[in-house]
Amino acid sequence: MAMILDAFAYYVQNMLTEMVKEEVHMLLGVGDDIDKMDVKLGDLKNFLADADRRNITDKSVQEWVGQLKRAMYEAADILDVCQLKAMERGSSTVDVGCFNPLLFCMRNPSHAHDIATRIKGLNKRLDTIKERSAAFSFINLGSYEDRSSKVHASHSGNTRRETSGEFDRSGIVGEKIEEDTRKLVEIMLTEKEGNANIMVVAIVGVGGIDFDRVELLRTIITLAGGKHCGEKALAVLQPILTTALTGKKLLLVLDDVWSHEAWGDVLEIPLANTLVRGSRVLLTTRDERVARGMKAVLPYHHVDKLKEEDAWSLLKKQIVSSVTDIHEIDMLKDIGLQIVAKCDGLPLAIKVMGGLLCQKDNQHSDWKMVLDDSIWSVSGMPKELNHAVYLSYEDLPSCIKQCFLCYSLLPKAAKFLREDIIGMWISEGFLHGPSDDLEELGRKYYKELIQRNLIEPDSKYIDQLFCNMHDVVRSFAQFVARDEALAAHSGESNIVSKLCARKFLRLSLESKASGSDGLDWSSLQAQDTLRTLISVGHINMKPGNSLVHFPCLRTLHIESAHAALVESLHEFKHLRYLSLERSDIRRLPESIGKMKFLQYISLRGCQQFVELPHSIVNLGHLRYLNFQKTSINGIPRGFRVLTNLRKVNGFPARVDGDWCSLEELGPLCRLKYLEIQGLENVTASSFSAKAKLVEKLHLTNLCLTCGSRLGDDGLIEEETQQIEKVFDELCPPPSLNFLAIEGYFGRRHPKWMMSSSDMPLKNLRILMAEDLASCTQLPDGLCQLPYLEFLQIDRAPAIKRVGHEFLQSYHHQNPHPSKAVISFLRLHTMKLMGLVEWEEWKWEEQVQAFPALTELILFECNLNRLPPGLASQARALKVLSVQQVKGLISLENIASLIELQVIENFHLERITNLPRLQKLTITRCPKLKVLEGVPALQRLMLEDDYMETLPEYMGSINPRRLELYCSLALLASMAVAQSGLEWDKFSHIEHVKAYAHEGDNPRKWYALYTTNPYNLETNVNSSALMYRGTLFSLEDAQTFESVFKMTRRTFRYICSLVSLELNYMTCYTFADGRELSLQDLVAIVLRRLYSSEPPETIGSTVGVNESTVLLVTESFVAVLCNRAKHHLLWPDSSRMYKIKSMFDKIHNMNNCCGVICTTRIPFGPNRDSEYYCSVIMQVIIDPEMRFTNIWLASTGSMNPFSILHNSSLFNECQKGDLLNGNKLKVALDGSEVGEYIIGDVEYPLLPWLLTPYKEEELSDSKVEFNRRHSAATTCMLNNVLARFKGTWKYLQEETWWPVNPDTLSNIINACCILHNIVIDMEDDAAMPSSEAEDWSYHQQVRQLANEDAVRARDMLSQFFLARMSSELGVGTVDAEEDHELAATGSGDENKEQEAETKSAEEERQC
């Protein structure tokens, strides 16, 4: 970014004023020079705004401006050095406000002389600069307020920006414009209760001019049929307007409005007193504050960017002429999409690009030149784009201009939090004011940039935490800052030459390359004037590289930095902002305590970081510390002296004897943001009380975190009670705005979240809770919070019911329903996710709640119906998403709903009576048969890659647009239009886009249809692509499943997995010459794997050559093993949680993760060998008969122990990288048993592999262990191996084995994968993703050295017996103790229901 002269001059002049005030200049002997400097800066300041403005484009002033900037930077450096020297000699570092650093100079003559000399030299340079300024005829633009009015005046006189009411149809593209138009019409036609006669509706986007008041009145008078007779006085024109409009209903469009003054001062009163009810004003503006000033109705309509296809359509409309071949333009779509991507969906930019391309030949090379042209560097920006952004920039106050330019320097691909950006602004000195208010001032500036549409919030994040800057805006800002700053990325070929050509003050580097392709650190070392260095991505570093070459740095942000760099950090005397994210550093050096100016330290993502030096307590200026996603193991005692801290993320809760780190938080009264992690380590509630959270009156954001206990079946009561008491003492202050709780494992919520007359969360706006392992209900105090707007609960598996207490807390229950308090008065968004056992939601129709709720998301629960109160009371509900709600059968009667998503609800049958529904997405809901009562439906999206026919309800609904993702067979049927069976179901729909996937491309095949004018475009050639053979053409589903041993849907899925590679195998034919289709190829392979017959027999049966059978099989198994390997991945944490739960329910084996066994697979001789071969396969099996791990050994002589010892499973488990999830508490003393698998006596006893007891005389507990162990292993192995070998008979007999040993391995692996796929397809909810591996599970390490296998088995056997005794109700003293012990296990709350579940599961499995 670039210095904004008048803003920085204000900063420097304040410093000089302070010097004069303290008379330090007299003591230094430079009184006259200081006075002169103050006067000269004052004189210069009068025209610095004009110099800044002209510096953007006027090259004649750029050199002069550069000299002045360097002088000002030197002035700031001088004062910096003086302050630092004073602090090093023991002056206060905590309260900066009461400290004048120059007082130290009186006691240090040599230092004072140096300062005096530098000030005198600087004064002479300012003399020269001031003298030269006369040559440029700068004008005095005065204060920002005066300048702003002049800018507005220039806007109103700019006829080039004036708009008209003429309709330009060439700019209308895409369905979004239709949706937006309908929304606006609906708003305009709605009468708001209590409204005056006239209602203002706002459209907020880009663009903007201001109005001359007289001309505005004259224009409206003329358009209303009156005559203004040339009058210029407002007092005369307003009565004329009143006469012209009296008794009329008016629609007034005010386009591109910059200020609300024209409305408030000129039009509002005469129009409100004259027009009849129903009149409307529609305004467009780039600034939300204008809409607010004109009292426009909420919500404002925001103009979205164009989607990719719509942007391409707009670009084509600008280029295509009567003589242009549309097909010729379509051939350039690939490069055209890259051009519109550069425009980032901004219509103005796309239209300008279209104008440029009109002047080029329709050749790929010409368009490529436009893509790569300097138009994207700002110096070449078209005037129309440049001017549009310039107006917004020039309208900014000087202080916000600096912040805007700073934002443009951030690498586009990286995500920077709002608070990180504000930290940069503070560190750069862009925010001026009292120290306590700087963060709030930064948030105000940040919000203003949003309101002016210069940055836009990322909708994926709440509370505007992340924003993006449009490429056009970014380019303009970087152009303005070009004399001081360089923003470069790895795609540029001339980065090094730019770095060699000149020295920059600010440098931003973004690199996606690695190794030899990356930028060398040494290429930066000449940039010794840098004040800001931001590096995202990889930079090549060598031993000896350091940061000492950048002595002037104020801001340093480096991702993935080498650990050696931190050793030289103390060299940065001026550094304020230090961010070393995702680096491999383990500690900060002790010398960091010398960096007295440090305000901001972020080590986010440095996973190896463990140690914070004690010298950190010397950094009294620190405002921000971030240790998120590090391994920090504690903080130094004395941390409490850092009372200047405003934000601390990732603060570790640790206990050392009678000391707890939470004590160090007590005195930090200025904290506004606080995240505490590791609260499970706190052993007493008295420790948490010492954090004194309730006394931190400035605290607005709080995050309380424990290590997740999800899936931990062994939580004991003492632990849950302890964490409850710890959280009770962490009561936040009333100022709290944002609260996040993660990993809390208490059974009840903290007392301060429950119903209470003195509940402290009165100002809470946002609440997020995640991983609530044991809570059985939602907190009942939330309904009374007056400002709560956003509520998210993610993963609370113990909640089965949401009752009346959630909506009507105890203190708000009222015997008179008519006087009942409305619950959740302001809540607009609620997300309830991962409540996997939630079955019931009580909310009667008469209970008033959620009047402002606009968006509701329900994900992964067992609800069987939505509550009646949702339909009757949530009258503002516009968006509803229902995903993986397993019990839901119907969805109906929500009158206000506009948009609905139903995703993977496998039991959903009906959607009815949604009268205002406009957008509906249905994804994998196979039982949905009824869709009716949706008269307003505009857009329907159906997604199911295996859908073979359109639903019958399609014929009875009439959406305007249908987007379909289906099987290739269905797409082929639609592609033949009237000749296909599906025609009557979709022919009445205006626009249809249907796609079928192939490999990783979800839109490989398409059919695009419109009714008026009729058009059907497709790339599906049904005769060439489908049904080329006969093997797959079995119409009857029962016959199909009998032949292929799977459903047609499963068969289609398998085809989709291998389609990308096998579709290109077009050389294979039947014996009669017909070409084999993809489905035929797959059918041949399945036929071979199902059979023990030799390949020539199979070939003869299906009508192909033996060589075809062999080659197709070899190709198929190789592709499947690569494409479908996710079906054989070790389970991720959520899947393992389900596996352990099923072992518990079915076999009473708590924390068990699988059964291990080995089996022999025989193969006979092949053409090259007369010998027989055996392959030994070691497998791990889960309760649903899936294989979760396989290992192949090539010789049959090895015993199970040897095979296990040589397997990757053994190595991974021994290292602690597998079976490393949550442990099971098995005793009141805290003893735990880790995850384990079970195997028979041929296997060794290991901490993670438990075998049965072998001795003859067994105790009751050992007998019980052996009984459960035997039942589980026998049941599973008998069923699984019988099913596996009975299905894949190729592996059962001594069949001919392939010559290539890799093919042999692939065939076995492929059969295991197919075995799992058939099971996975039976349970849609269990379908693994192709990216299913969960690294959060694998990154844990189990410490086996601390575990004893014999003791673990003994403890587990005693635990089993204790649970059994408690279930049987044994009445002895020992049994009572056993019951107390058994209560620490899982599933004890409802034994009756558990017994029923067990019975059903056992019947299915055994």
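- One distance of note links CH2 of W1191 with CD1 of I1203; it measures 10.5 Å at 0.5 Å rounding.
- Interatomic distance, S1059 OG to L968 CG, rounded to the nearest 0.5 Å: 9.0 Å.
- Looking only at distances, a side-chain donor or acceptor of T1273 sits under 3.5 Å from a matching main-chain atom of H1269.
- One N or O on the side chain of R1268 and one on the backbone of F1360 form a donor-acceptor pair closer than 3.5 Å.
- When all heavy atoms are compared, the tightest approach of L1218 to C1213 is CB-SG, 3.9 Å.
- In terms of heavy atoms, P1247 sits closest to Y1236 at O-CB, 4.2 Å.
- The shortest heavy-atom contact between F1187 and L1128 is O-CD2, 3.5 Å.
- Every residue two or more places apart in sequence or in another chain that forms a side chain to side chain contact (heavy atoms under 4.5 Å, CB included) with D944 is listed here: R924, Y946, M947, R1049.
- For the side chain to side chain donor-acceptor pair (under 3.5 Å) with W1248, the lone residue among Q1214, E1212, E1235 that qualifies is Q1214.
- Inter-residue side-chain proximity for F1143 and C1153 is flagged as unmet; no heavy-atom pair is nearer than 4.5 Å.
- A donor-acceptor contact shorter than 3.5 Å is absent between the side chain of H997 and the backbone of Y965.
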V885/L908 under side-chain contact (heavy atoms from CB on, under 4.5 Å): CA gap, chis, key distance, verdict: CA-CA 9 Å; V885 178; L908 183 65; over 6 Å; no

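- For the pair N1220 (side chain) and D1217 (backbone), a donor-acceptor distance under 3.5 Å is present.
- Judged as a side chain to side chain contact (heavy atoms under 4.5 Å, CB included), and not counting sequence neighbours, the contacts of V836 are P797, E860.
- When all heavy atoms of Y1243 and L1204 are compared, the pair lying nearest together is CD2-CD2, 4.0 Å.
- Remark: L1245 pairs with L1250, T1251, A1349, V1350, R1353 by the side chain to side chain contact (heavy atoms under 4.5 Å, CB included) rule, at least two apart or across chains.
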Evaluation steps, side-chain contact (heavy atoms from CB on, under 4.5 Å), between V1112 and V1104: CA-CA 11 Å; V1112 168; V1104 298; over 6 Å; no

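- Using a distance-only test at 3.5 Å, with no hydrogens or angles considered, no donor-acceptor pair links the side chain of N1309 to the main chain of C1121.
- You'll find the side chain of M1046 stays beyond 4.5 Å of the side chain of I1317, heavy atoms only.
- Within the 4.5 Å cutoff, the side chain of V1233 has no heavy atoms near those of the F1359 side chain.
- For the residue pair K886 and N862, no side-chain donor N or O sits within less than 3.5 Å of a side-chain acceptor on the partner.
- Y1090 places a side-chain N or O within 3.5 Å of a backbone atom of F1044 that can act as its donor or acceptor partner.
- Considering only heavy atoms from C-beta on, H1315 stays 4.5 Å or farther from T1287 through its side chain.
- In terms of the side chain to side chain donor-acceptor pair (under 3.5 Å) criterion, residue partners of R1267 (sequence neighbours excluded) are, by chain and number, E1264.
- Between L1219 and I1237, some side-chain heavy-atom pair lies under the 4.5 Å cut-off.
- The shortest side-chain heavy-atom distance between N905 and L928 does not fall under the 4.5 Å cut-off.
- With rounding to the nearest 0.5 Å, the separation of SG in C1157 from CG in D1240 is 8.5 Å.
- Under the 4.0 Å criterion applied to side-chain N and carboxylate O atoms, R1186 and D1320 are assigned as salt-bridge partners.
- Under a 3.5 Å cut-off, the side chain of T1274 and the backbone N or O of S1270 do form a donor-acceptor pair.
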Trace of the side-chain contact (heavy atoms from CB on, under 4.5 Å) decision for F1284 with C1311: CA-CA 8 Å; F1284 181 68; C1311 288; 4.1 Å; yes

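- Put simply, the side chain of R1363 reaches to within 4.5 Å of the side chain of N1150, judged on heavy atoms.
- Judged purely by distance below 3.5 Å, without hydrogens or angles, the side chains of T1159 and K1285 pair a donor atom with an acceptor atom.
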Chi angles and distances behind the side-chain contact (heavy atoms from CB on, under 4.5 Å) call for I1054, F1116: CA-CA 10 Å; I1054 293 169; F1116 172 88; 4.0 Å; yes

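- A side-chain donor-acceptor contact under 3.5 Å links N1266 to the backbone of Y1253.
- Between F906 atom CZ and K927 atom NZ the span is 10.5 Å, to the nearest 0.5 Å.
- Between V1263 and L1361, every side-chain heavy-atom pair lies at or beyond the 4.5 Å cut-off.
- Contact record, L971 with C966: N-SG, 3.9 Å, taken as the closest heavy-atom pair.
- Nearest heavy atoms, N1316 versus H1127: ND2-O, 2.9 Å.
- Taking CD1 of I1181 as the start and CE of M1276 as the end, the distance is 5.5 Å to the nearest 0.5 Å.
- Using a distance-only test at 3.5 Å, with no hydrogens or angles considered, no donor-acceptor pair links the side chain of S1100 to the main chain of E1096.
- Every residue meeting the side chain to side chain contact (heavy atoms under 4.5 Å, CB included) condition with V1241, not counting sequence neighbours, appears here in chain and number order: P1252, K1254.
- With sequence neighbours left out, the ring-ring contact (aromatic ring centres under 6.0 Å, His included) criterion links H907 to no other residue.
- To the nearest 0.5 Å, atoms CG (L1209) and CD1 (I1190) are separated by 12.0 Å.
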